[in-house]
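Just below is one structure, and these are the notes that go with it.
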Amino acid sequence: MERSYSMLAEIKGINEECGVFGIWGHEKAAELTYYGLHSMQHRGQEGAGIVVNDGMELKAHKGLGLVNDVFKHAKFSELTGNVAVGHVRYSTQGGKGIENVQPLLFRSQTGSMALAHNGNLMNEQKLRGELEDEGSILQTSSDTEVLAHLIRRNGMETNEKSISSALNKVVGAYAYLILKEDKMFAALDPSGIRPLSIGKLGDAYVVASETCAFDQIGATFIREVLPGELVTISDKGIESTRFAMREQRRMCAMEYVYLSRPDSDLNEVNVHASRKRMGIELAKESPAEADMVIGVPDSSISAAIGFAEESGLPYEMGIIKNRYVGRTFIQPSQELREQGVKLKLAPVRGIVEGKRIVMIDDSIVRGTTSRRIVQMLKDAGAKEVHVRIASPSIQNPCYYGIDMSTRKELIAANNSIDEICEIIGSESISYLSIDGLEKAIIKDKTLHQGICAACMTGNYPVKEDGQTEISYTRC
């Protein structure tokens, strides 16, 4: 059954922006996985889990909440083994139960398997229907479980052949870690939309969504998992096979704009450096007459520094952040998002009072945060607030794993620039162009370099039927 994108947005309820971590060959595998997940807490705050392999069986510990909360009372002495995979999870409506917290663990008479997944399967509903028609009984509402059933379809064992066959049936953006008793597998979608890297810690191999996890545990970056690649890690070492032809790399632009930590490197590009270049390009494209530049903490600080340097205006800390409040973008309800802004950010009156402010933000999705921040600055005495956004306007839903599932919730999809300016209460607003974004992120326009900016351009690199856009011009 074919579905349009608008129908898919209404049907699909689990869009995730998560983090995965795996380690093979270290006696403190569970503890190191805990620290790796902690470093990627920003990628998901609703659940966390670890599955450890002691060479005989797979054992799991997972729960709802932050990594610290989930493992506060965990007995790591019981999570023994030199292999582990972990996951931090963010869910949208319909999938918040403990049964959906990953890694998902499956047991059978022929062996166990654990799955950790970052991304979104666009054809999950179709595959779920086919599996149920064949007699499969799925226990979760997560699209991650679909891959497990595809792997073990018709009694197949979990190996490179069955995993490759299953991966060729799924469509979307995904980074997978798959663990069984004697091997760990890592796989990335053919367009490489989601990030996934390989590192090494002594003789141990490490796989993570972001390289900041390597820094956290003292591991050294080796390379990226390539689009369409299936990596097998075992006591024999590391092996690589291909389950699909590699497409033009389409790393999610929002990873650079907002989602990833600034100290991470994605596809050989440092996140902080790319954000700073976004600010530089934005200052070239949309200067403003003002007294100072301020950034919305934390993900906009790098762009604000770049804007200030290029424009010659002083950079000031005009907004401070309460470090004990989570990210408002990934809160699951609008009510919590609005309340979160008040708790999270506060203007520095002594800095902004009587001043013309250029406020740099990384993006505007729904407009809630921007409206409240502009109002807070004016309540603190700011004379003018000129908003500059260090990314193009978001006008289209994301079907690859970020919580932007319908056009009606996107402020730029339903309002003109003047209307947005009026809604958020600023004197002016400008966005970075798509060309400016590409200049900031892409080093060379090759098969290895490229971004997915579908939420900004409407040009989707992967369609629900599996077709891909191969040309570079726009992703």
Side-chain angles (χ1 to χ4, degrees), residues 16-91 95-107 111-118 139-140 142 144-145 148 175-182 184 186 199 201-202 204-210 212-219 233 261 323-327 330 332:
E16 298 177 315
E17 180 51 49
C18 307
V20 300
F21 182 94
I23 185 166
W24 184 282
H26 198 286
E27 61 181 359
K28 298 293 185 181
E31 290 94 327
L32 290 172
T33 300
Y34 165 82
Y35 287 115
L37 295 181
H38 195 279
S39 72
M40 296 188 292
Q41 184 72 86
H42 57 284
R43 299 187 69 85
Q45 300 180 6
E46 292 186 20
I50 292 175
V51 172
V52 64
N53 175 5
D54 64 2
M56 298 292 293
E57 63 174 339
L58 306 186
K59 295 177 288 187
H61 182 97
K62 62 181 183 178
L64 297 172
L66 302 177
V67 173
N68 276 343
D69 297 328
V70 172
F71 293 96
K72 182 184 298 182
H73 302 296
K75 295 181 179 179
F76 282 96
S77 60
E78 297 178 0
L79 293 173
T80 57
N82 65 354
V83 180
V85 294
H87 188 270
V88 288
R89 182 170 190 265
Y90 163 62
S91 70
K96 305 180 185 70
I98 185 66
E99 70 276 5
N100 288 319
V101 175
Q102 299 182 36
L104 299 182
L105 179 57
F106 305 90
R107 302 188 188 278
S112 300
M113 172 176 59
L115 268 74
H117 171 212
N118 169 215
Q139 300 297 306
T140 76
S142 170
T144 305
E145 187 180 5
Y176 280 109
L177 283 181
I178 304 168
L179 179 64
K180 53 179 293 189
E181 285 85 356
D182 61 342
M184 181 169 70
L201 178 60
Y205 286 98
V206 188
V207 183
S209 293
E210 291 189 37
C212 64
F214 298 160
D215 298 331
Q216 179 72 48
I217 65 170
I233 302 173
R261 262 178 46 164
R323 300 292 173 182
Y324 300 97
V325 179
R327 299 176 85 168
I330 62 173

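Keep in mind that the numbers below use all heavy atoms, side chains included, and drop hydrogens, waters and symmetry copies.
Each of I217, V83, L201 was compared with H26 under the side-chain contact (heavy atoms from CB on, under 4.5 Å) criterion, and only L201 meets it.
Between the R89 side chain and the L64 main chain, no donor and acceptor come within less than 3.5 Å of each other. Put simply, the side chain of N100 gets close to the backbone of S142: a donor and an acceptor are under 3.5 Å apart. Side chain of N53 to main chain of G81: no donor-acceptor pair is present (N/O by atom type, distance under 3.5 Å, no hydrogens or angles). Panel note: side chain E181, backbone L58; no donor-acceptor pair is recorded below 3.5 Å. Checking side-chain atoms of H87 against main-chain N and O of H117 turns up a donor-acceptor pair under 3.5 Å.
When side chains are defined from C-beta on, V88 does not count as touching L66, because their heavy atoms never get closer than 4.5 Å. Inter-residue side-chain proximity for D54 and K59 is flagged as met; some heavy-atom pair is nearer than 4.5 Å. At least one side-chain heavy atom of F21 sits less than 4.5 Å from a side-chain heavy atom of I23.
A donor atom on one side chain and an acceptor atom on the other are found under 3.5 Å apart for Q102 and T144.
Here Y90 contributes atom OH and Q41 contributes atom CD; the two are 14.5 Å apart, rounded to the nearest 0.5 Å. In this structure, CG on L32 lies 9.5 Å from CD on E27, to the nearest 0.5 angstrom. Atom-to-atom distance recorded for H61:NE2 and L105:CG is 14.0 Å, nearest 0.5 angstrom.
Salt-bridge annotation for R43 and E210: present, with a side-chain N of the basic residue lying under 4.0 Å from a carboxylate O of the acidic one.
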Checklist entry - Are Q139 and E145 close enough, and set up right, to give a side chain to side chain contact (heavy atoms under 4.5 Å, CB included), and what steps lead you there? => result CA-CA 8 Å; Q139 300 297 306; E145 187 180 5; 3.9 Å; yes
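F76 and Y34 have perpendicular rings, their planes meeting at more than 60° on a 0 to 90° scale where under 30° would count as parallel.
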